[in-house]
Amino acid sequence: MRVLVTGGAGYIGSVVTEQLLGDGHEVVVYDNLSKGHLDAVVEGAEFVEGNLGDAELLNKALGDWQIEAVIHMAASSLVGESVDHPNKYYQNNVITGLVLLDAMLAADVKRLVFSSTAAVYGEPEAQPIEESAPTNPTNPYGETKLAFEHALKWFDRAYGLRYASLRYFNAAGATANCGEDHDPETHIIPITLQAATGKRAQVEIYGDDYPTPDGTCIRDYIHVVDLARAHIQALAALDEGSRIYNLGCGGAGYSVKEVIDTARRVTGREIPTNIGPRRAGDPAILVASSDRIKSELGWQPQFQNLELIIDSAWRWMQDHPNGYAE
Ligand SMILES: NC(=O)c1ccc[n+]([C@@H]2O[C@H](COP(=O)([O-])OP(=O)(O)OC[C@H]3O[C@@H](n4cnc5c(N)ncnc54)[C@H](O)[C@@H]3O)[C@@H](O)[C@H]2O)c1
């Protein structure tokens, strides 16, 4: 298939591109490099530098490359920033998303895989979170992802646009060539590894008095390759109808202390920590269930092991001490 990957110069998008190319698909990366990196555009992919809001350029890219499907990864995705600047999130995650959908309809492209987020659930009662859990986002990031999902439902009904929406928490890990290089970095695994290299003085632990076995928050981490495979499997299943899947480690999840201890083991380095107060709006446990995608699509994560995940991120960081900046 000829696939357009929006946000393909970003962290997860680069790995999705790598996996698509490996499977023999043709890929056009569409990215404005606002957060991504030119060097993250995988060799073998075509690259269009542009903003999703630029309807003319988007129409041209879809037409010129005879695109058959879109994997939509481009978004603004910082929870804290979304609370301070909801306008940016409605603009980038909803309004430009609608530009993409209109361009797809104009080009008769009717297949879309959307990287949503498990933040659409807010603070659910039951863990692990199933797709049937009520959606109740607690920040504009989750809210705008959910708004786009709602648009997809109606575009399917009215125009036959088939979509798969994938809701997950924390992508983690790396491949040999594609890794995580965000500015600012807000994800605990790269932050912890930066502390291992001395780039960061310490890791801040936000609260150790939660009702969890070691008192720190429990979260869900999925290897970025497993995520990419899920996007590709969801794409292959689109002709059978639209769907929503959670992606998660499904089991007990991993505590913040467990992540840091595993990183100490993997790196063999000291990682200083500081216990600070809880952050507002941080639930004790957030873990998603992958039961539905496993039973419907046969998705099976290959790297669902914290040590493997951290080891792959560490290797990438050692090969790219300055990220993609080199
Ligand atoms: N990283 C995670 O743990 C995680 C978890 C759940 C969901 N997601 C979702 O997965 C997707 C990818 O996440 P990521 O961590 O790879 O993010 P990222 O910031 O590394 O990648 C996003 C890419 O989109 C590009 N982009 C943003 N707005 C654009 C626009 N208007 N036009 C063109 N390009 C634009 C950026 O330049 C960047 O390269 C996002 O949609 C995010 O919400 C990520």
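Because the structure is a prediction, the values reported are computed rather than measured. As a basis for the values below, the full set of heavy atoms in this structure was taken, side chains included, without hydrogen atoms, waters or symmetry mates. Counting starts at 1 for both ligands and their atoms, following the listed order.
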Q: Quick one: sort the Y11 and H182 rings into parallel, tilted or perpendicular, breaks at 30° and 60°.
A: perpendicular
Q: Is any side-chain N of the basic residue among D156 and R162 closer than 4.0 Å to the acidic one's carboxylate O?
A: yes
Q: Does any donor atom in the side chain of H223 or S312 lie under 3.5 Å from an acceptor atom in the other side chain?
A: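 Their side chains do contain a donor-acceptor pair, which is all the 3.5 Å distance test asks for.
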Q: Counting only heavy atoms and a distance below 4.0 Å, can you name the residues contacting ligand 1?
A: G7, A9, G10, Y11, I12, D31, N32, L33, S34, K35, G36, G50, N51, L52, M73, A74, A75, S77, N92, S115, S116, Y141, K145, Y168, F169, N170, A171, H182, H187
Q: Salt bridge (Lys or Arg N to Asp or Glu O under 4.0 Å) with E131: which residues, sequence neighbours excluded?
A: R292
Q: Listed by chain and number, what are the side-chain hydrogen bond (donor to acceptor under 3.5 Å, both in side chains) partners of N170, not counting sequence neighbours?
A: none
Q: Indicate every side-chain donor-acceptor pair of residues 259-268 with a distance under 3.5 Å to a residue at least two apart or in another chain.
A:
from, atom 1, to, atom 2, distance (Å)
D261, OD1, R264, NH1, 2.9
T262, OG1, E258, O, 2.6
R264, NE, I271, O, 3.4
R264, NH2, I271, O, 2.6
R265, NH2, E307, OE1, 3.4
T267, OG1, A263, O, 2.7
T267, OG1, R269, N, 3.1

